[in-house]
Structure formats: structure tokens, C-alpha cells
Novice: 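I'd like to ask some things about the structure below.
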Amino acid sequence: MTTALSPLEAEHPLRAGLHTERSAPPCALVIFGASGDLTRRKLVPAIYSLARAQKLAPSFSIVGVSNSPWNNDEFRRQMQQGVTEFRGGAPDADTWDDFARRMHYLNGNFEDPALYRQLAGVLAGLPGIGGNILFYLATPPSQFAVIVGQLGRAGLDDQGDGNPPSPASQGGDDAAAQDGGDAAADGPAPDAAPPQGWRRIIIEKPFGRDLDSAQRLNQDLHRVFREDQIYRIDHYLGKETVRNILIFRFANGIFEPIWNRRYVDQVQITVAESIGIEQRGRYYEEAGALRDMIQNHLMQVLATVTMEAPVRFAAGPVRDEKVKLIRSIKPLAPGNDPRLLARVAVRGQYGPGFVNGKPVQGYREEAGVARDSQRETFAALRLEIENWRWAGVPFYLRSGKRLPKRVSEVAIHFRRPPVLMFQDLATDGIDPNVLAIRIQPDEGISLRFEAKIPGTDMRLRSVNMDFNYGSSFGEPQPEAYETLLLDAMLGDGMLFSRYDMVEAAWALTTPLLQYWESTSVADFPNYPAGTWGPQTADDFIEQSGREWRRP
């Protein structure tokens with residue numbers, strides 16, 4: 001029995017008049033790497049939340065594929081534990097029973113063609129999905145090309161629309177979703193084929209390690225899938241406050257006239273984490289802060305904050321403007337002169353210290369990390385956008401591990417006003433207005449401005465005007481994966497990275513990656529855990545007469 005979920009009994013006044021929420025068409029979700037941590041922590045809890053909110057079709061099914069020796073019952077048990085642990089409590093019994101009946105599992109080797117014939121048989125036996133299939137590669141990047149190639153050889157990429165895979169240069173943008181129970185655990189005969197509907201594939205980051213590897217990955221994908229079938233997921237773009245940036249900018253007439261070099265002095269984008277690498281030493285030794293955070297998450301946020309207005313609020317126009325913006329960023333080392341990189345980038349590595357009053361070990365003492373590691377856990381960049389809107393405005397990006405607290409924000413610092421008239425009132429000068437967009441935690445927006453302190457004297461003080469998501473709309477925000485999975489089922493690629501966007505970001509950062517990996521830093525580790533990074537980062541920004549904002 002499926003439990004009907006009632007809406008909020010008391011409609012929040014700020015939600016009155018909003019459009020009816022979207023729901024996914026009938027489809028199946030095939031998760032490669034289904035026994036992994038991402039599936040248990042993020043994917044299945046997100047899908048269950050969508051089911052609870054009645055945003056999935058009654059025939060929606062999940063097929064997990066992995067090399068763990070599980071069966072259907074074990075897969076369902078593991079996923080129920082994940083929902084209980086990471087969604088904040090045990091799932092509703094009736095809803096879970098209906099949800100679990102539509103979960104299936106296949107055990108096999110990703111390189112074995114027989115696995116994909118078996119998968120085709122299971123999919124053919126799922127009633128009511130209309131041949132609509134969403135593949136999700138929750139696997140190490142080394143498996144991407146293997147799985148994609150096998151899907152192509154098994155014919156599981158075919159949408160039946162007569163359009164073969166096209167080169168990236170011809171890849172269209174985001175076909176609309178097409179609308180199209182229980183199935184036996186083993187499905188029909190292994191060589192059966194599911195009916196033709198839409199076929200899409202989600203790829204987890206990292207999308208390559210540098211420009212060359214990203215281009216090779218895109219070539220592998222485009223040999224089998226068209227660009228409009230490919231959804232490169234970056235969970236940061238699914239966060240509610242990141243999605244709201246475009247609305248904040250373009251749906252409010254008061255901001256666009258001042259969103260430019262005439263009024264903005266600088267922009268700082270900070271993604272700070274208080275945690276260390278959390279048993280991911282081997283991964284982080286290959287990645288580092290620049291690859292792990294700045295090349296993708298922060299670059300996407302930067303593009304969203306600074307892009308020009310799209311002609312329509314749709315995937316194609318929005319992503320076109322983001323690509324144009326990234327391509328407008330001045331190269332970090334003009335003329336390929338590596339000596340110039342030191343002027344625009346700083347790296348750091350945390351040593352032993354204290355976080356939240358507790359002692360923590362340094363990066364080189366973490367499991368899986370070399371004792372003389374040169375991998376950066378902190379990175380800061382100064383970027384310049386060479387277009388008419390932003391020429392001359394510095395953009396400072398920083399991200400690091402083992403900083404004092406977990407916080408992500410965008411801070412737009414406006415220019416100081418001419419203050420001659422206030423020189424007798426504000427001896428220390430007037431603080432510039434700052435618009436801070438808090439991505440996490442305490443999601444919201446605040447504006448700092450000057451005000452007179454009550455009293456007979458004329459005294460000034462900075463005050464804040466705050467908007468908070470939690471208190472303004474009266475309901476919890478969806479997890480990023482809920483939004484992104486639903487968008488992929490609906491064929492909406494706005495929040496996903498396009499191939500040219502990925503390659504443009506790698507083209508910008510690859511010279512810096514190569515320089516850092518070919519040179520060593522004598523003073524690593526150069527900042528204690530629990531501080532805001534190395535002293536060189538403060539010196540780096542203070543050269544321009546500015547300082548880092550403390551979020």
C-alpha cells in the first residue's frame with residue numbers, strides 16, 4: 001500500500017501562489033557502484049525523499065549494479081540503513097515497503113558484457129517505465145569509459161529517435177523529458193531489450209584531472225551518448241542558495257544596475273571546511289584543494305555570480321552565458337610564464353593544531369598521506385574577468401581543510417563612498433557595503449550598510465539586514481541531490497556542467513596545477529589546523545590594500 005502524504009496543514013504565507021511542484025515521468029534509475037558510500041549516504045536517501053514527497057511516478061524503479069556479492073534483499077537492507085542514518089530517522093514503514101519492492105540489484109564485473117545483457121533483461125521486465133532510463137555512474141573515474149563503452153555495445157544508450165551520437169561541437173542542449181510496480185528479480189531473458197524511451201547518464205566529478213584527461217573523457221562519452229543525454233553533476237549547483245543567485249540578480253531590478261565594476265570593489269568566494277580529509281588520504285594525495293574544490297565548485301559559483309543575463313531562464317541560454325564568462329577570465333600565466341603564477345595563487349598545507357578546542361593531527365600524519373607530501377590542502381586565487389562588466393575588479397577564491405569552521409559564502413564588497421562630508425564623524429573611515437550570500441550553513445543573504453547610532457551625537461555604525469531561508473519559507477530545504485536527480489529525470493540540464501564549461505575551467509587551472517606539481521614548498525605544513533590558512537594568503541591579498549573577510 002502506498003501512503004498518501006498530506007501537504008502542510010497550514011500554508012506558509014510566503015509560499016502562497018507558488019507554482020505546482022514538478023514530478024518526474026515514469027523511469028528507472030540504474031546506479032553503477034550501488035554498494036558504495038555515495039549511494040548509501042546521498043543517492044537513495046534523496047530518491048526516498050522524492051518518493052515521500054510524491055514526486056516520482058508509481059512505476060519508478062531502481063536497479064543497483066555493483067561487484068559486491070549482494071542480492072535484492074541485502075541491497076534493500078543496506079539502503080534502508082542508509083536512509084535511517086542519513087535522513088534523520090527510520091523511514092515510514094508503508095512508504096518504505098512500496099519503495100523497496102521497486103529496488104533490484106545485479107552483481108557483476110563492469111567489464112563483463114554479460115552483465116549488460118542481464119541488465120537489459122531486467123529493464124525490459126520493469127512495467128510502466130516507458131523505456132525511460134537514467135544511468136548514474138557512482139564509481140571511480142577509472143570506470144567511466146568502461147561502463148559507457150559497454151552500455152553502447154549493449155545498445156542501452158539508444159533513445160530510438162534516429163539521432164546517433166554527435167561530436168561535442170554539435171551537441172545540442174537538453175532535450176525535454178518524455179513521459180513514457182514490481183518486476184521479477186531476474187527479469188526476462190538476458191538478451192531482451194527494454195522498450196525505447198529517453199536515455200540519460202549522470203557522471204560524478206571529477207571530470208578529469210586536467211585539460212587533457214577531461215577532453216579524453218568527453219570524447220569517450222560522446223562516442224556513445226549525445227551531449228544532451230549527458231549530465232555532469234556538481235552537487236554544489238543543487239544547493240538552494242546557489243540556485244537562488246540567478247533569481248536574486250535578475251528578478252530584482254535594484255541589483256542589476258550596481259552589479260558591475262563601477263560599484264563593486266572586489267568579490268570574495270570562500271568555501272571553508274573544519275574537517276580534515278576523513279580517511280580519504282589516497283584520494284586527496286591525487287587531488288588537492290585546487291582540483292577538489294576550486295576548479296569545479298568555486299568556478300561554478302563564480303560563473304553564476306558574474307555571468308550576463310541569459311535570454312531565457314532555461315538550460316541552454318544559462319549555460320551559454322556561464323561558458324562565455326569562464327572564457328573571459330584572464331589566463332593565470334599569460335605567455336605561459338610560470339613566474340607570474342606566484343602573483344595570483346597561494347597554496348598551503350595544514351599541520352597539527354586545534355579545531356573546536358580539540359587537538360587534531362596535521363595532514364602529513366593522516367592515513368594514506370606521504371610524510372613529505374607536497375599536496376595542498378588550502379588554495380587561494382586572484383582572478384580577473386576581462387569583459388565590460390568586470391574589468392579591473394579582483395575576484396578572490398579560497399578553499400581549505402581544517403579551517404576554524406565550516407562555511408561557504410560569496411561576499412560582494414562595494415566601493416567606499418566619497419567620505420569628505422563624514423571626516424569628522426568617522427575617524428576610521430566608513431566601512432564599505434558588503435552583500436554576503438551564505439551558501440552554508442544558515443543559508444541566506446545579508447547586506448551590511450552604515451546607520452546612525454541613536455542618541456544626541458552623530459555617530460555611525462555598520463548594521464546588517466538579513467534574509468534567512470529557514471525562517472522565511474517555513475519548510476526545510478531539499479538536499480542538493482534531490483533537486484539534481486529530479487532535474488535529470490525531467491531533462492533539465494541547467495544545474496549540470498556542459499562539456500565546454502568543464503574544458504574551459506580546466507584550461508584556466510591546468511597551468512597552475514602543473515606548476516605546483518613540478519615545484520616543492522619548503523615550509524609545508526605552513527598553517528596550523530584551526531586557523532584561516534597560511535600567512536602568505538594574508539600577505540597575498542594585503543598587497544592590494546584589502547583583507548580577507550572572516551565569515
Side-chain angles (χ1 to χ4, degrees), residues 27-51 60-87 90-91 96-97 99-126 129 133-151 153-154 156 182-188 190 194 201-206 233 235 277-284 286 367-368 479 481 485 488:
C27 64
L29 173 65
V30 179
I31 305 174
F32 289 92
S35 62
D37 193 53
L38 177 65
T39 304
R40 185 172 178 270
R41 291 172 61 97
K42 296 293 186 181
L43 301 186
V44 171
I47 290 294
Y48 175 75
S49 294
L50 292 174
F60 173 84
S61 297
I62 296 176
V63 180
V65 184
S66 192
N67 57 8
S68 295
W70 293 354
N71 56 23
N72 286 351
D73 290 339
E74 179 63 15
F75 179 52
R76 293 164 183 167
R77 187 185 70 81
Q78 292 281 349
M79 296 306 107
Q80 184 177 21
Q81 289 180 354
V83 170
T84 301
E85 182 176 356
F86 298 107
R87 197 179 172 271
W96 177 259
D97 288 344
F99 183 74
R101 283 191 305 112
R102 293 178 278 123
M103 297 175 65
H104 314 280
Y105 184 79
L106 291 177
N107 169 28
N109 187 319
F110 294 151
E111 298 182 1
D112 184 1
L115 173 64
Y116 299 84
R117 291 194 296 271
Q118 187 181 6
L119 173 61
V122 171
L123 291 170
L126 298 177
I129 65 170
I133 304 169
L134 177 62
F135 300 104
Y136 198 118
L137 303 195
T139 66
S142 60
Q143 297 293 323
F144 290 173
V146 172
I147 296 170
V148 168
Q150 292 285 7
L151 289 173
R153 284 185 282 276
L156 290 170
D182 288 324
D186 55 356
I201 186 167
I202 297 178
I203 306 292
E204 271 283 345
K205 79 173 187 72
I233 192 168
H235 76 274
I277 56 173
E278 294 198 309
Q279 311 303 316
R280 296 194 306 156
R282 294 179 64 181
Y283 163 77
Y284 210 82
E286 296 295 322
E479 288 293 326
Y481 279 97
L485 285 166

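Scope of the values below: all heavy atoms of this structure, side chains included, with no hydrogens, waters or symmetry mates. It should be emphasised that the depicted structure is a prediction, and the values quoted were computed from it without experimental measurement.
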Novice: How long is the straight-line distance from CZ of Arg40 back to CZ of Phe75, given to the nearest 0.5 Å?
Specialist: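 Rounded to the nearest 0.5 Å, the CZ-CZ separation comes to 12.0 Å.
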Novice: With sequence neighbours excluded, what pairs up with Tyr48 under the ring-ring contact (aromatic ring centres under 6.0 Å, His included) test?
Specialist: Trp96, Phe99
Novice: Quick check for you: to the nearest 0.5 Å, what is the distance between Arg280 atom CZ and Glu286 atom CD?
Specialist: 13.0 Å
Novice: From Ile201 CD1 over to Tyr136 OH, what is the distance, rounded to the nearest 0.5 angstrom?
Specialist: 11.5 Å
Novice: For the residue pair Tyr116 and Leu151, what are the closest heavy atoms and their distance?
Specialist: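 So the minimum-distance heavy-atom pair works out to CD2-CD2, 3.9 Å.
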Novice: Could you give the distance from CG (Leu137) to CG (Leu38), rounded to the nearest 0.5 Å?
Specialist: 11.0 Å
Novice: Which pair of heavy atoms, one from Gly33 and one from Thr39, lies closest together, and at what distance?
Specialist: O-OG1, 3.2 Å
Novice: Hey, does Pro91 have a side-chain heavy atom less than 4.5 Å from the side chain of Thr84?
Specialist: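 Sidechains of Pro91 and Thr84: in contact.
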Novice: Passes side chain to side chain contact (heavy atoms under 4.5 Å, CB included), Leu156 versus Gln150? Steps please.
Specialist: CA-CA 9 Å; Leu156 290 170; Gln150 292 285 7; over 6 Å; no
Novice: Let's go through Arg102 and Phe60 carefully: what are the C-alpha distance in whole Å and the side-chain angles of both, what is the deciding distance for side chain to side chain contact (heavy atoms under 4.5 Å, CB included) to 0.1 Å, and is it a yes or a no?
Specialist: CA-CA 7 Å; Arg102 293 178 278 123; Phe60 173 84; 3.7 Å; yes
Novice: OG/Ser66 to CG/Leu115 distance, rounded to the nearest 0.5 angstrom?
Specialist: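 CG of Leu115 is found 10.0 Å from OG of Ser66.
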Novice: Which atom names give the shortest non-hydrogen contact between Ile129 and Ala28, and what distance separates them?
Specialist: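 Minimum heavy-atom contact is CD1-CB, 3.8 Å.
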Novice: Might you point out which heavy atoms bring Ser35 and Tyr105 nearest each other, and give the distance in Å?
Specialist: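 Residues Ser35 and Tyr105, closest heavy atoms: CB-OH, 4.5 Å.
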Novice: In terms of relative ring orientation, are Phe32 and Phe135 parallel, tilted or perpendicular, with 30° and 60° separating the classes?
Specialist: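 It falls in the tilted class, 30° to 60°.
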Novice: Just wondering, are more than 12 heavy atoms of other shown residues or ligands nearer than 6.0 Å to CD in Glu479?
Specialist: no
Novice: Nearest heavy-atom pair of Ile31 and Ala34: which atoms, and what distance?
Specialist: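 For Ile31 and Ala34, the tightest heavy-atom pair comes out as O-CB, 3.6 Å.
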Novice: Crowded around Arg77 CZ? As in, over 12 foreign heavy atoms under 6.0 Å?
Specialist: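 Counting neighbours around CZ of Arg77, more than 12 heavy atoms of other residues, nucleotides or ligands fall under 6.0 Å, so yes.
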Novice: Decide side chain to side chain contact (heavy atoms under 4.5 Å, CB included) for Asn71 and Glu74; before the verdict, give the C-alpha distance in whole Å, the side-chain angles of both, and the deciding distance to 0.1 Å.
Specialist: CA-CA 5 Å; Asn71 56 23; Glu74 179 63 15; 3.5 Å; yes
Novice: Between His104 and Leu126, is any pair of side-chain heavy atoms under 4.5 Å apart?
Specialist: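 Yes, their side chains come closer than 4.5 Å.
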Novice: Donor-acceptor pair, distance only, cut-off 3.5 Å: does the side chain of Arg76 make one with the backbone of Met103?
Specialist: yes
Novice: Hey, could you give me the OG/OH distance between Ser49 and Tyr481, rounded to the nearest 0.5 Å?
Specialist: 14.0 Å
